[in-house]
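Worksheet for the structure shown next.
A, B, ... follow the sequence lines: proteins, then strands. Residue 1 opens every chain. The model shown is predicted, which means the values in this text are computed figures rather than measured ones.
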Amino acid sequence: MRTHTCGELGSQHIGQQVTLCGWVDSYRDHGGGIFIDLRDRYGKTQIVFDPDVGRETLELARSLRSEFVISVRGKVAARPEGTVNAKIATGAIEVRPSELLLLNKSQTPPFQPGGMELPNEDLRLKYRYLDLRRGEMQATLQLRHRITIGMRKYFDEHGFLDVETPMLGRSTPEGARDYLVPSRVHNGSFYALPQSPQLYKQILMIAGYDRYVQVARCFRDEDLRADRQPEFTQLDVEMSFVTAEDIISLIDGLMARLAKEILGIDLSLPLPRMTYDEAMERYGHDAPDLRFGLEIVDLTDIAAKCDFRVFRATADEGGQVRGINAKGGAAAYSRKGIDELTNFIVQDFGAKGLAWFKVEDGGTLASPIAKNFSPEILQQISDRMQAEPGDLLVFVADTFEVSCKALYGLRKRFGVDLKLYDPKSKHFSWIVEFPMFAKDEETGGWAAMHHPFTSPRPQDIELLKTDPGKCRAQAYDLVINGFEAGGGTIRIHDPGVQQQAFELLGISPELQRERFGFLLDALAFGAPPHGGIALGLDRVVMIFGGLDNIRDCIAFPKTQKATDLMTEAPGRVDARQLRELGIQIRDPAPR
RNA sequence: GGGGGUGUAGCUCAGUUGGUUAGAGCGCUAGCCUGUCACGCUAGAGGCCGAGGGUUCAAGUCCCUUCACCCUCGCCA
């Protein structure tokens, strides 16, 4: 139907007879001549109808409107002098058609894909096919394609085998809430959509497929965020006979390749690494944004000997007094602004309050609470924080956990508010040596930080018995710009260690059999040492594309309430469908 | 489930202390215009002010309830 696309014609095509197809991006009717920008996903080309084309064609051209689909056959011509448009790739030429075909009309669109104003996101989602015609969306999906292809190529070159795993599996107790699929054949039983292909890829290792890769769709029925969708895509990898080092350097290589090909950035390898403990100490989070400084400073020792009751009591009770020096931030935050920061950490992280000082010109620490401190203590605080005039010092006195959360939240805000980094820059790093277990707030028992098959570091195996909280895992997270872009572990292949892990997690032998029986069986038939990683493809695309939410890099994303505004999924189903499944809805929601 | 933000014309938004007939730009419709490319000019149509209730002589504006979308805590790797 077409000989060329709307993005490829240039001076070298002048004089050629071509046929283009596309959408009417805009039309400019000058009475005599009519100009049309014809758009497809490759670009835009100007079509010029002048009276020579004949009355009939001119009339048809005059009737064209936004988003009509047309085909034009004609000659590529150089634009007259002075009318070249340097802003578009095809701006040196135009097509002078001899023939115009109207392939399809369009209703007046609710918004113009070629327009400059971005409509509200709910409208974009409802008319996603119009939104996807926009250049930005097309560029993003193309970026996603290039990243996916780059990943597949890299792993193919490294001898990996792409193996597909089932979507209909069984529900597992750990981790996120499952999306369930009722079985018609087995009334009352349910499949679960995979949260990740975790167990299957381990089985593949046991089966001898020592290098596995898959671009895998995953499902988690949890609340959404700007960087979280209920269905998302992982680049899933697993290898046998490897150490954590092998996995990390493999992914280092992938990131270096992608950064070079996609962003034109040279990454120096190996990528920097930081332990989990260090990340929590210095940044209060296991996925810190390392594009800027503003590290957390511990003041607990000074607090213990000061007269300010809040500080001393916290220190005496085993809590922590830690702070951040928001460099040059004194002017950026008024009393009201600081009240907002306080409200933010109290509301969102359960902090009790925010102590703060502004550093005045002479170096004096000014604050409503300053009178509670002796000059010597104030000096010590100032020294410890490396305070300089114009700085804003903020402190949180609380448990280690709360101070981490609150200071992490504050640090992120300072980073944005004080413009401490170039938003286009990228910082890659690894966080390693995660704890094996974290205290479960509800049950008071231990919960797996990753999943129950994560292997402890060899030197920490004894700690499983003596001090599980100190036990560190062979786990590693890839962090880019403060986002967890991926994470993985070396798995347990020793049945004895696996039993200890299950016991600590309070998973009874019965439950083990019921949920993981097949994996435990498989592990008993010659399981090789193995481990792997999964990268969040959507997040990688989001970060590489400099986007601020994950929906913009997914063709058909869901809203925060996990609905699809275009298809209106999820929807009610027929009574007959429910009967077949043996399902009865107890309290049907209205509508 | 908690906190916050937004919702006014098809779209993006303005709308003062509650005040009489709710505006702009874009888009749309019609007409004019051969070199525009955010074309220009003229005229016109277009409003359940998210929905429901209340206060008031009077509500886009104040109060209550509710819905949708977004950010966030919890939740989730």
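B:A9 and B:G50 are spaced 14 Å apart, taking the C1' atom of each and rounding to whole Å. The separation of B:A43 from B:A24, taken at their P atoms, amounts to 13 Å, rounded to a whole angstrom. Taking the C1' atom of each, B:C73 and B:C13 are spaced 31 Å apart, rounded to whole Å. Here, B:C49 and B:U34 have their C1' atoms 44 Å apart, quoted to the whole Å. Rounded to whole Å, the P atom of B:A30 lies 43 Å from the corresponding atom of B:C67. Straight-line distance between the P atoms of B:A59 and B:G54: roughly 12 Å, to the nearest whole Å. A gap of 14 Å separates the P atoms of B:C26 and B:C37, to the nearest Å. Between the P atoms of B:U17 and B:C33, the separation comes to 49 Å (whole Å).
With distances taken from any side-chain atom of A:Asn549 to the nucleotides B:U36, B:C76, B:C71, the minimum falls on B:C71. Checking B:A30, B:C39, B:U12 against every side-chain atom of A:His30, the shortest atom distance belongs to B:C39. Comparing B:C75, B:C70, B:C11 against the side chain of A:Leu123 picks out B:C11 as the nearest. Comparing B:C69, B:U36, B:G27 by their closest approach to the side chain of A:Gln46 singles out B:U36.
At whole-Å resolution of the value, CG in A:Leu64 and C1' in B:C28 are 16 Å apart. A straight line from CG of A:Asp221 to C1' of B:A77 spans 16 Å, rounded to a whole angstrom. Whole-Å rounding puts the A:Leu38 CG to B:C37 P distance at 19 Å. Rounded to a whole Å, the CD atom of A:Glu94 is 17 Å from the P atom of B:U34. One atom, CG of A:Leu224, and another, P of B:C69, lie 11 Å apart when rounded to the nearest Å. Here the C1' atom of nucleotide B:C73 and the CD atom of A:Gln560 are 12 Å apart, to the nearest Å. Taking atom CG on A:Leu58 and atom C1' on B:U34, their separation rounds to 11 Å, with Å as the unit. Between A:Glu231 atom CD and B:A77 atom C1' there is a gap of 18 Å when expressed in whole angstrom units.
At a threshold of 4.0 Å, the pair A:Asp564-A:Arg128 does not count as salt-bridged, since none of the basic side-chain nitrogens sits closer than that to a carboxylate oxygen.
In this structure, A:Ser196 reaches neither bases nor backbone, as no heavy-atom distance under 4.0 Å exists between it and the strands shown. Contacts of A:Ile88 with the nucleic acid, taken as non-hydrogen atoms under 4.0 Å apart, are absent. Backbone-only engagement by A:Gln347 is indicated by non-hydrogen atom pairs under 4.0 Å involving sugar-phosphate atoms exclusively. Within 4.0 Å (heavy atoms only), A:Asp178 reaches no atom of the nucleic acid at all. A:Pro51 comes within contact range of at least one nucleobase, with a heavy-atom separation under 4.0 Å. Counting any heavy atom pair closer than 4.0 Å across all strands shown, A:Pro80 reaches a base atom. Counting non-hydrogen atoms under 4.0 angstrom, A:His450 reaches a base of the nucleic acid. Note on A:Lys405: only backbone sugar-phosphate atoms sit closer than 4.0 angstrom, heavy atoms only; bases stay farther off. Using a 4.0 Å heavy-atom distance criterion, A:Glu484 is classed as a base contact. Counting any heavy atom pair closer than 4.0 Å across all strands shown, A:Tyr27 reaches sugar-phosphate atoms only and no base atom. Counting any heavy atom pair closer than 4.0 Å across all strands shown, A:Arg225 reaches a base atom. Note on A:Gly409: nothing from the nucleic acid sits closer than 4.0 angstrom, heavy atoms only. Nucleic acid contact class of A:Asp29 (heavy atoms, under 4.0 Å, all strands): base. Within the nucleic acid shown, A:Arg220 comes within 4.0 Å of sugar-phosphate atoms alone, with no base atom in reach, counting heavy atoms only.
Considering only side-chain N and O atoms, A:Lys561 lies under 4.0 angstrom from the phosphate OP1 or OP2 of B:A68. When the side-chain nitrogen and oxygen atoms of A:Asn120 are compared with OP1 and OP2 of B:U12, one or more of them lie within a distance under 4.0 Å. Contact check, A:Arg551 against B:C71: a side-chain N or O comes under 4.0 Å of OP1 or OP2. Contact between the side-chain N/O atoms of A:Lys412 and the OP1/OP2 oxygens of B:U72 is not found at any separation under 4.0 Å. For the pair A:Arg28 and B:C39, the criterion of a side-chain N or O lying under 4.0 Å from OP1 or OP2 is met. Between A:Tyr408 and B:U72, a side-chain N or O to OP1/OP2 separation shorter than 4.0 Å is absent. The phosphate of B:A77 has OP1 or OP2 within less than 4.0 Å of a side-chain N or O from A:Gln195.
Using cut-offs of 30° and 60° on the angle between ring planes, the pair A:His285 and A:Tyr408 is parallel. Below 30°, between 30° and 60°, or above 60°: for A:Tyr129 and A:Tyr127 the angle between ring planes is above 60°, a perpendicular geometry. Aromatic ring pairs are classed by plane angle as parallel below 30°, tilted from 30° to 60° and perpendicular above 60°; the pair A:Tyr476 and A:Trp430 is perpendicular.
Sequence order on RNA chain B of the closest nucleotides to A:Arg539 and A:Thr563 puts A:Thr563 first from the 5' end. Between A:Thr559 and A:Val48, the residue whose closest nucleotide on RNA chain B is further toward the 5' end is A:Val48.
Of all heavy-atom pairs spanning A:Arg124 and A:Pro119, the tightest one is CD-O, 3.5 Å. Across all non-hydrogen atoms, the minimal contact from A:Tyr283 to A:Pro288 is CB-CB, 3.5 Å.
Pair assignment for B:G44 gives B:C28, based on Watson-Crick or G-U wobble hydrogen-bonding distances that are each under 3.5 Å. Pairing for B:U34 is absent, judged as Watson-Crick or G-U wobble with the two contacts each under 3.5 Å. The partner of B:G74 is absent, by the rule that a Watson-Crick or G-U pair needs both atom distances under 3.5 Å. Across all strands shown, the partner of B:U6 is B:A68, judged by Watson-Crick or G-U wobble contacts whose two distances both fall under 3.5 Å. When Watson-Crick and G-U wobble pairs are counted only if both distances are under 3.5 Å, B:G23 pairs with B:C13.
Scanning atom types as modelled, one donor and one acceptor separated by under 3.5 angstrom connect the side chain of A:Arg228 and the base of B:C75. You'll find a donor-acceptor pair under 3.5 Å spanning the side chain of A:Asn85 and the base of B:C37, going by distance alone. Donor-acceptor pairing under 3.5 Å, judged by distance alone, is present between the side chain of A:Asp223 and the base of B:G74.
More than 12 non-hydrogen atoms from other residues, nucleotides or ligands lie less than 6.0 angstrom from CZ of A:Phe68.
Counting only heavy atoms from C-beta outward, the side chains of A:Phe232 and A:Cys218 approach each other to under 4.5 Å.
Here A:Phe35 counts as stacked on B:U36: its ring centre is under 5.5 angstrom from the base ring centre and the planes meet at under 30°.
Remark: aromatic rings of A:Phe414 and A:Tyr333 are close, center separation under 6.0 Å.
Side chain of A:Glu67 to main chain of A:Ser106: no donor-acceptor pair is present (N/O by atom type, distance under 3.5 Å, no hydrogens or angles).
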